[in-house]
Colleague: 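Quick one: structure below, then a few questions.
Each chain gets a letter, A, B and so on, in the order the sequences are listed, and its residues count up from 1.
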Amino acid sequence: MDFIRQVISRDLKTGKYGGRVVTRFPPEPNGFLHIGHAKAICLNFGIAAEHPGGRCHLRLDDTNPDTEKSEFVEAMKEDIRWLGYDWGEHLYHASDYFEALYRYALALIDKGLAYVDSSTEAEIRERRGNVTTPGTDSPFRDRAVKVNRDLFERMRAGEFPDGSHVLRAKIDMAHPNMVMRDPLLYRIRHSHHYRQGDDWPIYPMYDFAHCLSDSLERVTHSLCTLEFENNREIYDWLLEHVDAPAPRPEQTEFAPLVLDYVVTSKRRLKELVRAGRVRGWDDPRMPTLAGLRRRGVTPEAIRTLCDMVGVARAQSRIDAGKFEYAVRDDLNRRAPRAFCVLDPLRVVLTTYPEGAEETFTAPALPGGGDGHPVRNLPFGRDILMEREDFAENPPPGFRRLVPGGEVRLKYAYVIRCDEVVRDADGRVAELRCSVDHATRGGVAPTGRRVRAAVHWVAADHAVSAEVRLIDRLFLEPEPPPDDFMRAFNPESERVVPGALAEPGLADAAPGVHYQFERLGYFFSDPVDCVDGRLVFNRTVTLRDSWAARSGGNPSSGAAAGASRRKVRPRETGQPAPGQSLHTDTERRRFREAVSLGATEAAAASLARSQPLLEIFGAARGTYPEGSASIAAWLVNEITRLTGSDPEARLERLDPAALADFARAVDGGVVSHRQGRTIIAELLRRGGSFEEARAGLDLSEIADEATLRALLEEILAEYPDKAAAYRNGQKGLLGFFVGEVMKRSRGKADPRKTSRIAAGMLEG
RNA sequence: UGGCCCGUCGUCUAAUGGCAGGACACCGGUCUUUGGAACCGGCGGUGGUGGUUCGAAUCCACCCGGGCCAACCA
């Protein structure tokens, strides 16, 4: 289960949202949905579907009137439905909330938490500072509430021109998170909105509109990609300060889907369309859902890919092979097979009677026996085969037709190449072959071994088709961001105008999948395959270990890969603990801590933290011999607890209690394991060591016979593991100790258990 | 140079202090009327150094590497 689903099941268990699971997919309708969006769609709609009563809203995030269009909205709906998801009645638009949003803004102004800034755009930018230097306050920052309210109402009334004022949150111009430096909430824009018309001269910004839209829709889990991490702080700030109803939605970020050899930024996709490198948003080469659909990629394949990719926070790139696998895996099951010759070479069967004809049948899908659909393959004296399947000077390992050699015309006959006929230019024009009549139906008599079977069509019955060989759009796995066009693959589409296919394809409907045997999966183009014209897009090639070996096919997964290598950090000398301290103060504290008895490793950590250092000093005052131990507990366990347990507070820890605690642990009065329980309690509730110790269940199983019995039981249950341990897999000791810990609910003495277990296993 | 986030086989991802596992890719084999598919097997990993612990991928510290943030875009 991925980390987001874990968060959701935890919330379900604690009842945080009363058992509700509401997600949302919030695209901005200013372009087409692409493969990267598919991950977010599968995640959000997938999660909703997994929970009874779960919902996923489709919300068009239409707060920028200058770029958004209803055509995009319609395309998005179509793409989401095509992917297999349904928002039911939960179709929303951020623009429907404009009135509510406006009221929230007014409320913020009234609380003195928002102001109208009348600076110019350049001034605002200037005063924002940059990542290393703090910003400066706007001269308009301290306008009276009354003035702000008046100005903002007049902004809404349309009294001011574009750019003359903005509404900003009043937070902190020196905030280390740039997003929090008085973010803009509203701007003036006298633009026509595709849904709201000319009702609004002001438009909310993303940060303002997004969290409030989530809240208004009572969304529980607001999932977005990693680049919005910095925005989570303003998301929470706004919901808190407008007193949004609790429980409030919570934003969680995950890594976006990034595919090798693909670009997905809207800017770049738009540029490809604009520059005419592709024929449109739905060009089969495009990574848009519309493009993938037209190319023949199925929704199932995309969903499989998303499953394979998973959901995590680590930045990742998906290699093209994984995408191709998902596509082939689905198409292999469903695509009927057909013969289609891309580059025909004429073959005259000299021993086949002139004018004779017969028809062979072949399975439409592999593995079919009786009762499975078949196709008819007419056969005659003139045959066309793939030029590539013949080689006069075969490279080593070539298994197909060579002069004097044999090949099987799949489902028909084995033929032998007797003569190579050339044209005036010396190019192979025709092969003259003899037919082995004993191999009728393609079945070789026992003992005959014909290595290769090739596809073919009968010259008199072939139908002509246009085949578009789609390849990857870019030549580099990661097109350079500054100049991505440089990596454009000029051969991303190769058109074969005169391919010849088996006659069964003559009336192929648009939008149907085929496997052209030995070539790949193809899809009759849903747009161009009309009026008796046959047009096929190559969805993906077949895996081809021969092409991979001979380096022939750039788009096969086998030939790809091996390009990107992670840069391993250079080995450098490691600084000694005290060496990494940067200020004189820290160095002084380090020396002090060391002189007081802390180890160097612990002292380096103490030196960086004033509060830790203080407690260390105070605690060791009453127990000087325990300095090293006190320092170690502070640096390791206590730092861990204060960082992970929100109830654990360093201030609650009484130095005297810490000293008593350390003395008890060092003296063996309490074990290390018990110590961890006690120290957690001291951080949570404070008090003395004895109080904490008395109030906790610290019972321990240290009785040898009990532990031994427990181990007997486990050893009997896992004889294979015990044997593996004796065979040298010493890491298994941890497994046995772990089992004892589990079964004793953490009460067993691990040190003793470990010793006994080792003894029993060796014995 | 500030803040935040992230480092596990070539790639993606599990292991929530207790057996480093799966998928894709790759290599080999079986089978085969697709150099396909299926099946079987193999290769291969915790960025580094210290520390805490009976036990560390997991906790602590530092180092190294990567990403995001300075639109009146989202």
Colleague: Under 4.0 Å from OP1 or OP2 of rA74(B): is there any side-chain N or O of T63(A) that close?
Modeller: yes
Colleague: Under 4.0 Å, heavy atoms only, any strand: does A632(A) hit a base, just the sugar-phosphate, or nothing?
Modeller: nothing
Colleague: Just to be sure I understand the rule, does M1(A) reach a base, reach only the sugar-phosphate, or reach nothing, if contact means heavy atoms closer than 4.0 Å?
Modeller: nothing
Colleague: Under 6.0 Å from the six-membered ring centre of Y325(A) and within 45° of its axis: does the NZ or CZ of R543(A) meet both?
Modeller: no
Colleague: Is Y206(A) stacked on the base of rA74(B) when the test is centres under 5.5 angstrom and planes under 30 degrees?
Modeller: no
Colleague: At under 4.0 Å between heavy atoms, what does T120(A) touch on the DNA or RNA strands: base, sugar-phosphate, or nothing?
Modeller: base
Colleague: Using a 4.0 Å heavy-atom cut-off across all strands, classify L226(A) as base, sugar-phosphate, or nothing.
Modeller: nothing
Colleague: What's S609(A) touching, base or sugar-phosphate or nothing? Going by heavy atoms closer than 4.0 Å.
Modeller: nothing
Colleague: Counting any heavy atom closer than 4.0 Å, what does F398(A) reach on the DNA or RNA strands: base, sugar-phosphate only, or nothing?
Modeller: base
Colleague: Under 4.0 Å, counting only non-hydrogen atoms across every strand here, what does R408(A) touch: a base, just sugar-phosphate, or nothing?
Modeller: base
Colleague: With a cut-off of less than 4.0 Å, is there a side-chain N or O of R751(A) near OP1 or OP2 of rC54(B)?
Modeller: yes
Colleague: Could you provide the dot-bracket string of RNA chain B, using ( ) for intrastrand pairs, [ ] for crossing pairs and | for bases paired to another strand, with Watson-Crick or G-U pairs below 3.5 Å?
Modeller: .((((((..((((....[..)))).(((((.......)))))....(((((..]....))))))))))).....
Colleague: Give R128(A) one of three labels, base, sugar-phosphate or nothing, depending on what nucleic acid heavy atoms sit under 4.0 Å from its own.
Modeller: sugar-phosphate
Colleague: Is there a donor on the side chain of N130(A) or the base of rG2(B) sitting less than 3.5 Å from an acceptor on the other?
Modeller: no
Colleague: For H455(A), run the side-chain hydrogen bond (donor to acceptor under 3.5 Å, both in side chains) check against K410(A), E517(A), E386(A) and tell me which one passes.
Modeller: E386(A)
Colleague: Would you indicate what E227(A) reaches in the nucleic acid, counting non-hydrogen atoms under 4.0 angstrom: base, sugar-phosphate, or nothing?
Modeller: sugar-phosphate
Colleague: Sort out for me which residue in Y235(A), F254(A), Y206(A) forms a ring-ring contact (aromatic ring centres under 6.0 Å, His included) with F228(A).
Modeller: Y206(A)
Colleague: Would you mind telling me which of rU34(B), rA74(B), rC62(B) lies closest to the side-chain atoms of L542(A)?
Modeller: rU34(B)
Colleague: What nucleic acid atoms does E637(A) come within less than 4.0 Å of, heavy atoms only: base, sugar-phosphate, or nothing?
Modeller: nothing
Colleague: I want to check one thing: is the phosphate of rC54(B), taken as OP1 and OP2, less than 4.0 Å away from some side-chain N or O of T753(A)?
Modeller: no
Colleague: Look at the side-chain N and O atoms of R313(A) and state whether any lies under 4.0 Å from the OP1 or OP2 oxygen of rG66(B).
Modeller: no
Colleague: With no hydrogens and no angle check, just 3.5 Å: does a side-chain donor-acceptor pair link Q251(A) and E253(A)?
Modeller: yes
Colleague: Quick one: on RNA chain B, does S316(A) or G397(A) contact a more 5' nucleotide (nearest heavy atom)?
Modeller: S316(A)
Colleague: Is the shortest heavy-atom distance from the side chain of L305(A) to the side chain of K322(A) under 4.5 Å?
Modeller: yes
Colleague: Have a look at rA61(B) and give me syn or anti from its glycosidic angle (syn if within 90° of zero).
Modeller: anti
Colleague: Can we say D329(A) and R333(A) salt-bridge, meaning some charged N sits less than 4.0 Å from an Asp/Glu carboxylate O?
Modeller: yes
Colleague: Within this structure, what is the CZ-CZ distance for the pair R589(A) and R608(A), rounded to the nearest 0.5 Å?
Modeller: 11.0 Å
Colleague: Give a yes or no on whether the ring-centroid distance for Y725(A) and F736(A) is below 6.0 angstrom.
Modeller: no
Colleague: Is a donor-acceptor contact shorter than 3.5 angstrom present between the side chain of R673(A) and the base of rU53(B)?
Modeller: no
Colleague: Identify whether any heavy atom of N30(A) sits under 4.0 Å from a base atom; if not, whether one sits that close to sugar-phosphate; answer base, sugar-phosphate or nothing.
Modeller: nothing
Colleague: Does anything in residues 734-741 of chain A come within less than 4.0 Å of RNA chain B? Heavy atoms only, and list the residues if so.
Modeller: G734(A), F735(A), V737(A), G738(A), M741(A)
Colleague: Per the atom types in the model, does the base of rG36(B) pair as donor or acceptor with the side chain of D544(A) at under 3.5 Å?
Modeller: no
Colleague: Indicate, with a heavy-atom threshold strictly under 4.0 Å, whether A312(A) touches base, sugar-phosphate, or nothing.
Modeller: sugar-phosphate
Colleague: Under 4.0 Å between a side-chain nitrogen and a carboxylate oxygen: does that hold for R640(A) and D645(A)?
Modeller: no
Colleague: Check the angle between the aromatic planes of F516(A) and F522(A) and answer parallel, tilted or perpendicular using the 30° and 60° thresholds.
Modeller: parallel
Colleague: Would you kindly check whether a donor in the side chain of R676(A) faces an acceptor in the base of rG17(B), or vice versa, at under 3.5 angstrom?
Modeller: yes
Colleague: When you check the gap from the basic side-chain N to the acidic O, do R743(A) and E717(A) get nearer than 4.0 Å?
Modeller: yes
Colleague: Could you tell me whether the side chain of N177(A) has a donor or acceptor atom within less than 3.5 Å of a complementary atom in the base of rC4(B)?
Modeller: no
Colleague: Taking the minimum atom-to-atom distance to the side chain of R400(A), which one of rU11(B), rG3(B), rG35(B) wins?
Modeller: rG35(B)
Colleague: Which whole number of Å gives the distance between the C1' atom of rC73(B) and that of rC64(B)?
Modeller: 35 Å
Colleague: At under 4.0 Å between heavy atoms, what does R125(A) touch on the DNA or RNA strands: base, sugar-phosphate, or nothing?
Modeller: sugar-phosphate
Colleague: Considering every strand and a 4.0 Å limit on heavy-atom distances, what is the contact class for R189(A): base, sugar-phosphate, or nothing?
Modeller: base
Colleague: Take E700(A) and S671(A) through the test side chain to side chain donor-acceptor pair (under 3.5 Å) and record every step on the way to the result.
Modeller: CA-CA 9 Å; E700(A) 208 159 50; S671(A) 69; 3.1 Å; yes
